[in-house]
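Here is the structure we will look at, set down as structure tokens.
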There are 2 protein chains.
Amino acid sequence: MKLKEAHNEFIGAWGSLGSSWGVNRTMAQIHALLLVSIEPLSAEDIMEKLNISRGNVNMNVRTLIDWGLADKRFVTGERKEFFVAGKDVWGMAKQVARERKKRELEPLQRTLEKLKLDKVNTPEEKEFQSLVKELGQFADSADGLLGKFINSKKNWIFKLASKL
Amino acid sequence: MKLKEAHNEFIGAWGSLGSSWGVNRTMAQIHALLLVSIEPLSAEDIMEKLNISRGNVNMNVRTLIDWGLADKRFVTGERKEFFVAGKDVWGMAKQVARERKKRELEPLQRTLEKLKLDKVNTPEEKEFQSLVKELGQFADSADGLLGKFINSKKNWIFKLASKL
DNA sequence: TTATAGTTTCAGTAATTATTGAAACTAAAA
DNA sequence: TTTTAGTTTCAATAATTACTGAAACTATAA
């Protein structure tokens with residue numbers, strides 16, 4: 001496979017995977033494009049290569065920056081902004097985990113927290129209470145585990161995987 | 001908080017959380033409704049309580065069954081089908097993990113597998129190759145870890161979380 | 001058989017989410 | 001200042017995804 005071809009495959013795949021990972025297609029494609037580019041790219045470069053509008057590039061690049069997956073880069077002698085993606089897969093995975101923890105796990109925990117019944121007498125009330133409690137315990141463990149992951153050093157996951 | 005109120009909160013929350021968990025809102029709401037019901041519910045019960053159409057109930061209940069999150073239940077003396085959700089949070093989490101592994105991780109692994117370059121000479125080619133390799137290693141570890149989780153016994157996650 | 005109760009499918013429609021493109025904005029340089 | 005290069009925002013529109021409702025189907029009972 002030629003490099004160009006592989007790049008395109010990769011960008012396409014990353015884009016369509018993005019949707020199942022909770023990231024929109026364009027954002028994922030821009031990320032992929034930045035990942036495979038050695039040189040920083042300008043908004044225009046991205047517009048051209050992916051055939052998308054300036055507004056779209058702007059919004060999604062901003063989100064990538066918010067997620068910590070890309071950075072602005074000023075190139076000497078150039079007035080416009082350029083962008084690069086962090087090439088460190090480990091750091092990338094941690095950033096994604098951090099975002100998902102925030103968007104998926106934490107709202108669940110907050111909601112469960114609120115669901116306290118006035119009284120717990122009937123079997124239905126008891127069952128509900130224990131459901132909420134179990135879900136809460138589970139969410140807390142998952143949260144703790146993700147937290148460890150996010151603050152871990154490189155290779156943690158490898159070590160962990162081999163330890164089990 | 002009254003039981004009814006708590007039920008509604010829970011159903012609403014589970015539904016809106018569903019979307020960020022990659023499950024559509026109705027499917028998540030049906031799941032929540034079944035979770036809080038002691039009695040098995042018929043398609044009609046679900047239609048009424050959630051104000052949705054028969055077709056919608058049917059499709060989403062089927063998906064819940066496919067995911068292993070709900071089961072058909074025949075009630076003696078009744079001709080129609082009733083549905084229940086597994087109340088075991090642990091089993092539920094494993095099912096969700098299994099689905100997400102299938103939908104999110106495995107396609108990534110398959111794609112990365114294909115991205116082999118003919119030759120690796122230029123710095124760009126080298127960088128691309130190492131990116132793909134790193135992603136692959138990472139995906140494999142994550143896959144392994146999830147696999148362990150899916151086949152694990154209850155409390156594995158608690159033990160794991162406390163071990164770290 | 002035919003009637004009846006219940007389930008499934010799917011074309012059309014509605015709701016949601018992503019994208020465009022042009023106008024408003026900001027800042028550097030002439 | 002004014003001009004020019006570049007960035008950001010957002011209303012309008014397109015694309016995607018979910019839902020409805022009615023018709024087709026299946027199975028039991030009269």
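The sequence lines fix the lettering, A, B, ..., with proteins before strands; numbering per chain opens at 1. Please read all numbers here as calculations on a predicted model, not as lab measurements.
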### Task
For dA29(C), take OP1 and OP2 only and decide whether either is under 4.0 Å from a side-chain N or O of Arg79(A).
no

Would you list the protein and nucleotides 17-22 of chain C atom pairs, both N or O, that sit under 3.5 Å from each other?
unit_1, atom_1, unit_2, atom_2, d
dT19(C), OP1, Thr26(A), OG1, 2.5
dT19(C), OP2, Thr26(A), OG1, 2.9
dT20(C), OP2, Ser53(A), N, 2.8
dT20(C), OP2, Ser53(A), OG, 3.0
dT20(C), OP2, Asn56(A), ND2, 2.9

### Query
To the nearest Å, how far apart are Leu41(B) CG and dG6(C) C1'?
17 Å

### Query
Atom CG of Leu64(B) and atom C1' of dA18(D): how far apart are they, to the nearest Å?
15 Å

### Message
I'd like to know if Lys102(A) pairs up with Glu99(A) as an ion pair, taking the criterion as any Lys NZ or Arg NE/NH1/NH2 lying under 4.0 Å from an Asp or Glu carboxylate oxygen.
### Response
yes

### Residue pairs involving residues 9-18 of chain A (criterion side-chain hydrogen bond (donor to acceptor under 3.5 Å, both in side chains); sequence neighbours excluded)
Trp14(A)-His31(A)

### Message
From CD of Glu78(A) over to P of dT7(D), roughly how many Å is that when rounded to an integer?
### Response
10 Å

### Message
Can you pull out every side-chain hydrogen bond (donor to acceptor under 3.5 Å, both in side chains) where at least one residue sits in residues 82-98 of chain B? Sequence neighbours excluded, please.
### Response
Glu127(A)-Lys87(B), Gln95(B)-Arg98(B)

### Query
Is the closest basic N to carboxylate O distance between Glu124(A) and Lys2(B) below 4.0 Å?
no

### Summary
Whole-Å distance, Phe74(A) CZ to dA5(D) C1', equals 14 Å

### Query
What is the distance, rounded to the nearest whole Å, between atom NZ of Lys80(B) and atom C1' of dT4(C)?
14 Å

### Task
Please state how far atom CD in Glu44(A) lies from atom P in dA5(D), giving the value in whole angstrom units.
11 Å

### Message
Please determine whether a side-chain nitrogen of the Lys or Arg among Arg100(A) and Glu104(B) lies less than 4.0 Å from a carboxylate oxygen of the Asp or Glu.
### Response
yes

### Query
In whole angstrom, what separates Asn58(B)'s CG from dT26(D)'s P?
14 Å

### Donor on one side chain, acceptor on other, Asn56(A) and Ser53(A), under 3.5 Å
no

### Task
For Gln29(B) and dC19(D), give me the distance from atom CD to atom C1', rounded to whole Å.
13 Å

